[in-house]
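Here the structure comes first, spelled out in structure tokens, and everything after it is commentary.
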Amino acid sequence: MPCRYPYVTGTSMLGITYKDGVLLASDTLGAYGSTKRYKSFERIRKVNDVCVLGASGELSDFQYIMRLLEELSDDDFCMDDGHHLKPAEVHSYLCRVLYNRRNKFDPLWNSLVVGGFYAGQPFLGTVGMIGTNYTDVHLATGFGNHLARPLMREKHRPDMSEEEATELMRECLKVCYYRDKNSINKFQMAKVSAEGVTISEPFALETDWKYKLFENPAANAAGAW
Amino acid sequence: METAQQGGFSFDLCKRNEFFAAKGVQHPGFTKTGTTIAGLIFKDGVVLGADTRSTAGSTVADKNCEKIHFIAPNIYCCGAGTAADTENVTGMVASQLELHRYATGTQSRVVTAMTLLKGHLFKYQGHVSAALVLGGVDFRGPHLFTVYPHGSTDSLPFATMGSGSLNAMAVFEAGFKDDMSREEAMALVARAIRSGVMNDLGSGSNVDLCIITKDGVEYLRNHEYLQTKTYERQFPQKFASGSVPVVRERVYDIRRAVQVVEGEPMEMEVS
């Protein structure tokens, strides 16, 4: 069975833990190659009251994965014993699913970020399309690894407040929007904390294109641009 | 060659390389500078920054190489890509500019360096693998250009190149403002290079800075040491008291053999 190619893709997915929870953020673009085809695609979805899943890569595979997780959550709901999947369990389950598909040479073409808050501890884990998985205090996929991770490494502290974490996340989203071709200025941020899961409405960020030296770059150098 | 070379690149040796590759001969590796280089224009001039790691494949070839090259007294150039290419192309342009200065009697302009570099690189169609950040101050003011291996250039207020360029660019995008002071600019460039050193495997060791203004150049070689040794062996070794068990102790009163007298220190002959 040949390896497939992704068709409709999402770009970077960012996640950071802070003192009381976890933040995930991404833009809302489903790109079809270089075309910005679906501009309102929710790439961060709620799994249950303690866990969210964010995906980059092939978005149809993400929708399939959400269906698998919904089936698991429905089983829990039908059991009606008050239990639900813990974030670490969701992460572990997704590792197995993705690794097994990779072994059959038919991968789910995603880089997933699982964010949750359980038993007073924030959880943040990632699974790649070949099954590589790990947990960390801040994560990113795709371009976010090169653009956002350095800023997160500089500024993250385990006892960050929600405001500081939100500010850091917005800075990372802005830099990713500036320097990633397949991105748009429309973002969503999800928060998982003791109060539960909130996924924000789409928002835009202020961008600055008016640096003095961007105007007329060839003023002192004819032939440059 | 039978006919005279009209100019341009002779691809004969490339055909020879392909012939060898087809026969299964391995190419020797290049010493590349997996690199983070960056430049920034501030109120009074330009700050250039670079890391100091030079790699040959997965090995670090030089832990403390100099990637900020001299082009003219008022123009410096950071180089990423193949080390031989960056060193030789910047050296060549520096020589050409020096001759040009003698011919014209004026200070070199940054656009002249840029034009010489891009002309040379375009002629070689990207085979000269030099990605440069060229900065300097001339009578028209501060300039910063990026020059790509195929010969294109950009004129920018802040620029990064090399394998660590995205890491450094993230810091610039988050922190750049118009008309920064010299200290702010130095701090931001050092931060950007540090971001490359910490987050990119191809960049490492130390941070070099070069600040160019119309009043002169400050070349801060190894401005920051980022890979300090956590343990330095002490020489001579100091052992904590009590670490050696005492087997036998004998105390001598040496006042019986030695007389202690207060005196003036002698003048020493140091010649």
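Side chains included, hydrogens not; waters and symmetry mates left out as well; all remaining heavy atoms used. Per chain, numbering begins at 1; letters A, B, ... match sequence-line order.
- Once rounded to the nearest 0.5 Å, the distance linking CG of D208(A) with NZ of K177(B) reads 12.0 Å.
- Heavy atoms of other residues, nucleotides or ligands lying less than 6.0 angstrom from CG of L205(A) number more than 12.
- Side-chain contact, N199(B) with R149(A): no donor N or O sits under 3.5 Å from an acceptor N or O.
- Distance alone, capped at 3.5 Å, places no donor-acceptor pair between the D178(B) side chain and the Y211(A) backbone.
- Sparse packing is recorded around OH of Y64(A), with 12 or fewer heavy atoms of other residues, nucleotides or ligands lying under 6.0 Å away.
- A 6.0 Å sphere centred on CZ of F214(A) holds more than 12 heavy atoms belonging to other residues, nucleotides or ligands.
- Among residue pairs with one or both ends in residues 137-158 of chain A, those qualifying as ring pair (Phe, Tyr, Trp, His ring centres under 6.0 Å) are H138(A)-H156(A); sequence neighbours excluded.
- Taking the charged nitrogens against the carboxylate oxygens, E154(A) and R191(B) do have a contact shorter than 4.0 Å, which makes a salt bridge.
- Heavy-atom neighbours of chain B within the stretch residues 172-186 of chain A, taken at a separation under 4.5 angstrom, comprise V175(A), Y178(A), R179(A).
- Residue contact with chain A, scored on non-hydrogen atoms closer than 4.5 Å, is absent for D138(B).
- Shortest non-hydrogen contact noted between L147(A) and A170(B) is O-CB, 2.9 Å.
- F158(B) places none of its side-chain heavy atoms less than 4.5 Å from the side chain of L213(A).
- Using a 4.5 Å heavy-atom cutoff, the side chains of L151(A) and V171(B) are in contact.
- A side-chain donor-acceptor contact under 3.5 Å links S155(B) to the backbone of P217(A).
- Within a 6.0 Å radius of CZ in F122(B), no more than 12 heavy atoms belonging to other residues, nucleotides or ligands are found.
- By number of non-hydrogen pairs under 4.5 angstrom with chain A, the leading residue of L144(B), D179(B), D200(B) is D179(B).
- When the candidates G196(B), S195(B), A174(B), A168(B) are compared by the number of heavy-atom contacts under 4.5 Å with chain A, A174(B) comes out ahead.
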